[in-house]
K.L.:
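Can you read through this structure? Questions will come right after.
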2 protein chains.
Amino acid sequence: MTSLRDVAERAQVAVSTVSAALNGTRPVKAETKRRIEQAAAELGYRPNLLARGLVSKRTRILALLFPPPGSGFGLTEMQFATAAAEAAAELGYHMLLSPESADPVEELRYLTGMGLVEGVLLMEVRLTDERTDFLLESGVPFAMIGRTRDPGAVDHADIDFARTAREAVAHLAGLGHRAIAFFNHSTSAYSPEYGPSVRAGAEFAAAAREAGLGYAGDVRADTADEGRRAFDRLMAEHPEVTAVAVMSDRAAVGVLQAVEERGWSVPGDLSLVLASASARVAEMFRPRLTTLEPPGAELGRLGARMLIDRLESPGSPPAHRLVPCRLVIGDSSAPPRTTASRGAPQTEA
Amino acid sequence: MTSLRDVAERAQVAVSTVSAALNGTRPVKAETKRRIEQAAAELGYRPNLLARGLVSKRTRILALLFPPPGSGFGLTEMQFATAAAEAAAELGYHMLLSPESADPVEELRYLTGMGLVEGVLLMEVRLTDERTDFLLESGVPFAMIGRTRDPGAVDHADIDFARTAREAVAHLAGLGHRAIAFFNHSTSAYSPEYGPSVRAGAEFAAAAREAGLGYAGDVRADTADEGRRAFDRLMAEHPEVTAVAVMSDRAAVGVLQAVEERGWSVPGDLSLVLASASARVAEMFRPRLTTLEPPGAELGRLGARMLIDRLESPGSPPAHRLVPCRLVIGDSSAPPRTTASRGAPQTEA
DNA sequence: AACGCCGTTCGAAACGTTTCGCACAGAACG
DNA sequence: CGTTCTGTGCGAAACGTTTCGAACGGCGTT
């Protein structure tokens, strides 16, 4: 491996001059600089990041903590990772993928204690999160994709649940629906501290209220089976509901099933909006579902940029960015029939 | 940050003794060792990876090159990444997520020239791949998820297309199908050098031949629209086909659509097997699709392990592991009707 | 009593950078 | 003509490890 010394030798200058010339940290005569650059190019010189990091304390390496797969780790979460890595690469940083062990705080202590990682990007942040406590206390720069209950001065990018819910509700209200329901994640599969679940639930309720719509919240389902049963229960208690928003794509499968079992159809007898699934997933359903596509890539990008900004200008004010989901209209949302005529043979589609 | 020197001071020994004690590289008297370990614990000492790597040339950092998203980057590919990172973590290694730029070879040159990365894990390997050429030539240890046309002595883990195709064909033949078709990826969306596409195509053809089944290959589709048209064309040319295997989940959407448009049903008039999609995706379809679920996580794990093995015992023989997809039987494959009775009202399901 | 050996510990060099005080030349100035 | 800048380059120290030859008692052997 060719080192700074080799370059210095070939260009007939001191090592420190090469460093200065290559990094532009000090003025170097044009002619000397040229000679040095040529020598470096000829030797194919690449600076050693380890040596550089050792003295400068800057490694340009970020860590992305990702939760154990299985816990709702889907396409969206993966987009965080890839987009964040890409944004980082564009800015000259590297992204370390760090699977979260049983003890995430210990994991963090280890990661940051090594001197390898300059900053941490957190995802799947819960409303109260021990990881943020640790990072705050230890002074390690970090940013979040998602946010705690009170993010304070911590940089973060998250879904704009308020706007997303209002857009979805406006879409349904605009179609003429007067009563809707929201199928949240079940508390057994997701922590009650899971931000998206809590916030979406709250915002859908608020949006429905503001729009003057009937609203059935507190429905929860994460599997097809749960979805099916939850829908039957919902119809028993709230037959006036003509449209539902569903967080879990699996639960949506169940709802569709239940609708079919009644001899009903979507969107004729029920409008269904998928909350928080990519269009790619939504179009696999028949009919193609209307969905609220989460801005996974953008959040990843934003998170990485924020973290890097924080590293490069520590004094800057904290960044908080909320991005709404994109409403992608499919074939599963339409004007409601009168609930009385439900299940009647379909009119022309 | 607490350094080796701090520990040495507190334990009243030389720095080198602390190093020896903590790493076990040299014998240290039990009592001394105890004192050192206590001092280290009290100070919360963590070795600095940069300094260690600088001298020992061992950073325990691996790079995972991942292709630009969009190019068929789905859940499976993500599983490679997370599983590889996890397997690496278990063995004390770190995984650097490195997005592939326009010039992957330059990217590699940069990555490995830095002294940061010890080995590289390649995914989305094409039949001939410039990246493997470079790595081979430059002597950087690496492993592949997937494989080139002739992997030679390079460690790799890949799908066992031969077994997978035979299992799928056996499943269909067992149900009584006599003629099948294979819907491959389109060559416009995927490089003709894309291994999975080429291998799956070849192996399905071979498996059908061995089983004495009629076979229509060379059907290609990657979107719903292409899928629909391809199916219509197939039925015009090969009405005897009663079962299809489809690589792309989007194309499957189109096939399902085309079937419905004819007034046919799945699996009554056509059996459909999804090739290379997770069960999670397959169960979103109505009916739930039979699928060949690729062993994403296992391949990621295997890839990481191979790479680490290579690093830790360079002399060992190259590892080649082929893992078949798991056949997950859904509701989309069933015995065929006689082609003559196709489209007749469904008998009891 | 002298010798060699073993178990244990030490000290210094090395890894490849960055950083910073200092030296040296020539120019500008009084 | 001496002094003070300014532009340019040098050398040494430092970052936190690992590595390795050497030192130093104590012990058994001859």
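Within every chain, numbering begins at 1; the chains are lettered A, B, ... in the order of the sequence lines, protein sequences first and strands thereafter. Please read all numbers here as calculations on a predicted model, not as lab measurements.
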K.L.:
Using whole Å, report how far CG of A:Asn23 lies from P of C:dT18.
P.N.:
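That distance rounds to 5 Å.
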
K.L.:
If I take atom CG in residue B:Leu49 and atom P in nucleotide C:dG16, what distance separates them, rounded to the nearest angstrom?
P.N.:
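The answer, rounded to whole Å, is 18 Å.
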
K.L.:
Between A:His156 and A:Thr148, is there a donor-acceptor pair closer than 3.5 Å when you use the side chain of the first and the backbone of the second?
P.N.:
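Not confirmed, A:His156 side chain does not pair with A:Thr148 backbone.
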
K.L.:
Given A:Val117, which partner from the list A:Leu96, A:Leu108, A:Leu62, A:Val140 fulfils the side chain to side chain contact (heavy atoms under 4.5 Å, CB included) test?
P.N.:
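Exactly one pass, corresponding to A:Leu96.
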
K.L.:
Does the pair B:Glu193/B:Arg147 count as a salt bridge with the N-to-O cut at 4.0 Å?
P.N.:
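No salt bridge links B:Glu193 with B:Arg147.
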
K.L.:
If the helix axis at each end comes from five base pairs, how far does the helix from C:dA1-D:dT30 to C:dG30-D:dC1 deviate from straight, to 10°?
P.N.:
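End-to-end axis angle for the helix from C:dA1-D:dT30 to C:dG30-D:dC1: 60°, rounded to 10°.
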
K.L.:
Under the criterion side chain to side chain donor-acceptor pair (under 3.5 Å), which of A:His94, A:Arg58, A:Arg310 is the partner of A:Glu118?
P.N.:
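By the side chain to side chain donor-acceptor pair (under 3.5 Å) criterion, A:Glu118 pairs with just one of A:His94, A:Arg58, A:Arg310: A:Arg58.
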
K.L.:
Counting only side-chain N and O atoms of A:Asn48, is one of them less than 4.0 Å from OP1 or OP2 of C:dC15?
P.N.:
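A:Asn48 to C:dC15 OP1/OP2: no side-chain N or O under 4.0 Å.
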
K.L.:
What closest approach, in Å, do A:Pro151 and A:Arg149 show between heavy atoms, and which atom pair accounts for it?
P.N.:
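Here A:Pro151 and A:Arg149 meet closest at CD-O, 3.5 Å.
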
K.L.:
Taking atom P of C:dT17 as reference, at what distance in whole Å does atom CG of B:Leu54 sit?
P.N.:
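Distance, rounded to whole Å: 9 Å.
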
K.L.:
Produce a footprint string for nucleotides 5-14 of chain D: one letter per nucleotide, 5' end first; B if the base is under 4.0 Å from any protein heavy atom, S if only the sugar-phosphate is, - if neither.
P.N.:
---SBBB---

K.L.:
Do B:Glu107 and B:Arg131 pass the salt bridge (Lys or Arg N to Asp or Glu O under 4.0 Å) test, and can you show the C-alpha distance, the side-chain angles, and the key distance before you say yes or no?
P.N.:
CA-CA 10 Å; B:Glu107 175 77 29; B:Arg131 300 171 302 172; over 6 Å; no

K.L.:
How long is the gap from CD on A:Glu312 to CG on A:Leu91, to the nearest 0.5 Å?
P.N.:
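Reported to 0.5 Å precision, the distance equals 7.0 Å.
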
K.L.:
Where is the tightest heavy-atom contact between B:Pro99 and A:Glu86, given as atom of each residue plus distance?
P.N.:
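Looking at all heavy atoms of both residues, the closest pair is CB-CG, 3.6 Å.
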
K.L.:
Examine C:dT17: is either OP1 or OP2 under 4.0 Å from a nitrogen or oxygen in the side chain of A:Ser19? Give yes or no.
P.N.:
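No, outside the criterion.
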
K.L.:
Provide, to the nearest angstrom, the distance between the CG atom belonging to B:Leu4 and the C1' atom belonging to D:dT19.
P.N.:
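So the CG-C1' distance, B:Leu4 to D:dT19, works out to 13 Å.
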
K.L.:
Taking all non-hydrogen atoms of both residues, which atom of A:Thr17 and which atom of A:Val28 are closest, and how far apart?
P.N.:
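Closest heavy-atom pair between A:Thr17 and A:Val28: O-CG2, 4.3 Å.
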
K.L.:
Would you kindly give the CD-to-P distance between B:Glu9 and C:dC10, to the nearest whole Å?
P.N.:
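Interatomic distance, CD of B:Glu9 to P of C:dC10: 13 Å.
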
K.L.:
Could you check whether B:Arg46 gets within reach of a base, just the sugar-phosphate, or nothing at all, counting any heavy atom under 4.0 Å?
P.N.:
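Result for B:Arg46 = sugar-phosphate.
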
